[in-house]
Trainee: 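Supplied in structure tokens, the structure appears directly below.
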Amino acid sequence: TQKFIGIFALVFAMSFTGNSQEIGDIYEGGYIFQINEDGTGLVSALEDLTEGATDPYGLGFNGYEWGCYGPGVNGADGTSIGTGYQNTIDIVNQGCSTDNGGITAAQAALDAEINGYSDWYLPSQDELVEMYNTIGNGGLEGNIGGFETGDTPYYWSSSETAHYSAWGVYFSNGSSTNGSKSYTSRVRVIRSVTFEAEVLGCTDASAFNYNAGANTDDGSCVSWEDLANNLQSELDNIAPEDGVSQEDVDAAYADGIASV
């Protein structure tokens, strides 16, 4: 009896669930730069936004004005992680214009369609800093996000500081400063994600221990043929003193195979 229990304990591998994603992985259209314990997080687009960008001041790169220079925004004052989306909505709902006729950074973010996703937005100040500290120069693996670090490396956040200025971050050193809303600066959009839990198990539907709930194969699959061979090997090793005759063993084995 103990031998049978041992066989089935080896055959049936448990399924383990967890999030396999890590900072810097590419997931749902962007680089992961923030992961929460509840399985949610944030990803940054793989490249700076360029659609609709302009260079009215001849700075040598195309960027976006923050907009709303002078009147200010009703809202858009969140700076913490998790406030970027509402800030972006507040800016767009204000109907802001730019000094040079281009599209605002917030509007460009909401309009973006990147890698099949259209729910991007302009990060808040802390979200932008988190990007620098994880997938920018401040990250353990360096600037894997490919942010500009030399030629005007200033990126807009969606956090307003006053009627004439908003927060931005220099991706050369991670410093946060407020800049004039009429300046053109770089934009890297982000989106919120919910990570799919990784369930380890046998994903081969023809295997004896197939796990329909698993989405990642862990190499534990056992075919019916291998199972039968292993059982036969164990049955052959059962000694007469175990109280089971060879005829009983053969009959039990035949009944088991017939039921498969």
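Keep in mind the model is a prediction, meaning the values are calculated, not measured.
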Trainee: If you count the non-hydrogen atoms of other residues, nucleotides and ligands that lie under 6.0 Å from OH in Y164, is the total more than 12?
Mentor: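 No.
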
Trainee: In a check of side-chain contact (heavy atoms from CB on, under 4.5 Å) between Y132 and each of N137, N143, T149, which one passes?
Mentor: N137

Trainee: Could you measure the distance from the CZ atom of R186 to the OH atom of Y170? Nearest 0.5 Å is fine.
Mentor: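 Spacing of CZ (R186) from OH (Y170) equals 11.5 Å.
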
Trainee: Once rounded to the nearest 0.5 Å, what's the spacing between atom CD of Q125 and atom OG1 of T177?
Mentor: 9.5 Å

Trainee: Sub-3.5 Å donor-acceptor pair from the side chain of R191 to the main-chain atoms of V43, do we have one?
Mentor: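 Side chain of R191 to backbone of V43, a donor-acceptor pair under 3.5 Å: no, none is there.
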
Trainee: May I ask you to decide if S124's main-chain N or O and N87's side chain share a donor-acceptor pair within less than 3.5 Å?
Mentor: no

Trainee: Looking at side-chain heavy atoms only, is the closest gap between I89 and Y121 below 4.5 Å?
Mentor: no

Trainee: Is there a side chain to side chain contact (heavy atoms under 4.5 Å, CB included) between V169 and Y154? Walk through the geometry before answering.
Mentor: CA-CA 6 Å; V169 172; Y154 188 75; over 6 Å; no

Trainee: Looking at D55 and G58, would you say the former's side chain and the latter's main chain have a donor-acceptor pair under 3.5 Å?
Mentor: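 Yes.
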
Trainee: What closest approach, in Å, do W66 and A76 show between heavy atoms, and which atom pair accounts for it?
Mentor: CH2-CB, 4.4 Å

Trainee: Do I91 and Y69 sit in one hydrophobic cluster, given that two such residues count as connected whenever their side-chain heavy atoms are within less than 4.5 Å of each other, even indirectly?
Mentor: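 In one cluster: no.
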
Trainee: Looking at side-chain heavy atoms only, is the closest gap between T88 and L110 below 4.5 Å?
Mentor: yes

Trainee: Donor-acceptor pair, N209 side chain versus S220 backbone, under 3.5 Å?
Mentor: yes

Trainee: Using the side-chain contact (heavy atoms from CB on, under 4.5 Å) rule, pick out the option among L128, V129, L122, D126 that qualifies with S157.
Mentor: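 Looking at L128, V129, L122, D126, the match for S157 under the side-chain contact (heavy atoms from CB on, under 4.5 Å) is L128.
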
Trainee: May I ask you to test the N100-T54 pair for a side-chain heavy-atom distance under 4.5 Å?
Mentor: no

Trainee: On a heavy-atom basis, which atom in K181 and which in A166 lie closest, and how many Å separate them?
Mentor: CG-N, 4.2 Å

Trainee: Rounded at 0.5 Å granularity, tell me how far CD1 in I144 sits from OG1 in T134.
Mentor: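 Here the rounded value is 7.5 Å.
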
Trainee: Output yes when a side-chain donor or acceptor of D25 lies under 3.5 Å from a complementary backbone atom of Y27, and no otherwise.
Mentor: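 No.
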
Trainee: Do any N or O atoms from the side chain of E148 and from the backbone of F171 form a donor-acceptor pair under 3.5 angstrom?
Mentor: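 Not at all, since once roles are kept as given, no pair shorter than 3.5 Å links the two residues.
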
Trainee: If you look at every heavy atom in E127 and I190, which pair is closest and at what distance?
Mentor: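 Smallest interatomic distance, heavy atoms only, reads OE1-CD1, 3.5 Å.
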
Trainee: Can you confirm whether more than 12 heavy atoms, excluding those of D151, are under 6.0 Å from its CG atom?
Mentor: yes

Trainee: Going by atom types alone, do D90 and Q86 pair a side-chain donor with an acceptor below 3.5 Å?
Mentor: yes

Trainee: In Å, rounded to the nearest 0.5 Å, how long is the span from OG of S44 to CE of M131?
Mentor: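 The OG atom of S44 sits 3.5 Å away from the CE atom of M131.
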
Trainee: Locate the shortest heavy-atom distance separating A108 from E51; write the atom from each residue and the value.
Mentor: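 Closest pair (atom of A108, atom of E51, distance): CB-O, 4.4 Å.
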
Trainee: Check whether any side-chain heavy atom of D99 sits under 4.5 Å from a side-chain heavy atom of E65, and report yes or no.
Mentor: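 Yes, close enough: below the 4.5 Å cut-off.
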
Trainee: In Å and rounded to the nearest 0.5 Å, what is the CZ to OG distance from F61 to S185?
Mentor: 6.0 Å

Trainee: For the residue pair D204 / S206, report whether a side-chain donor-acceptor contact shorter than 3.5 Å exists.
Mentor: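 Indeed, the side chains of S206 and D204 share at least one donor-acceptor pair under 3.5 Å.
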
Trainee: To the nearest 0.5 Å, how far apart are CZ in F195 and OG1 in T40?
Mentor: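 With rounding to 0.5 Å, CZ (F195) is 7.5 Å from OG1 (T40).
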
Trainee: Using a 4.5 Å cut-off on heavy atoms from C-beta on, say whether the side chain of Y64 contacts that of I103.
Mentor: yes

Trainee: Please give me the minimum heavy-atom distance between Y183 and Y57, naming the atom from each residue.
Mentor: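 Answer, listing the atom of Y183 first, then Y57: CA-CE1, 4.3 Å.
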
Trainee: Does the side chain of T194 come within less than 4.5 Å of D38's, by heavy atoms?
Mentor: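 Result no, sub-4.5 Å side-chain heavy-atom pair not found.
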
Trainee: Shortest non-hydrogen contact from I81 to L42?
Mentor: CG2-CD1, 4.0 Å

Trainee: Are side-chain N/O atoms of Q107 and T104 paired as donor and acceptor at under 3.5 Å?
Mentor: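 No donor-acceptor contact under 3.5 Å links the two side chains.
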
Trainee: Just by distance, with hydrogens left out, do Y85 and S158 show a side-chain donor and acceptor under 3.5 Å apart?
Mentor: no

Trainee: Is any side-chain heavy atom of N133 less than 4.5 Å from a side-chain heavy atom of F33?
Mentor: no

Trainee: Answer yes or no: is there a side-chain heavy-atom contact under 4.5 Å between L49 and I114?
Mentor: yes

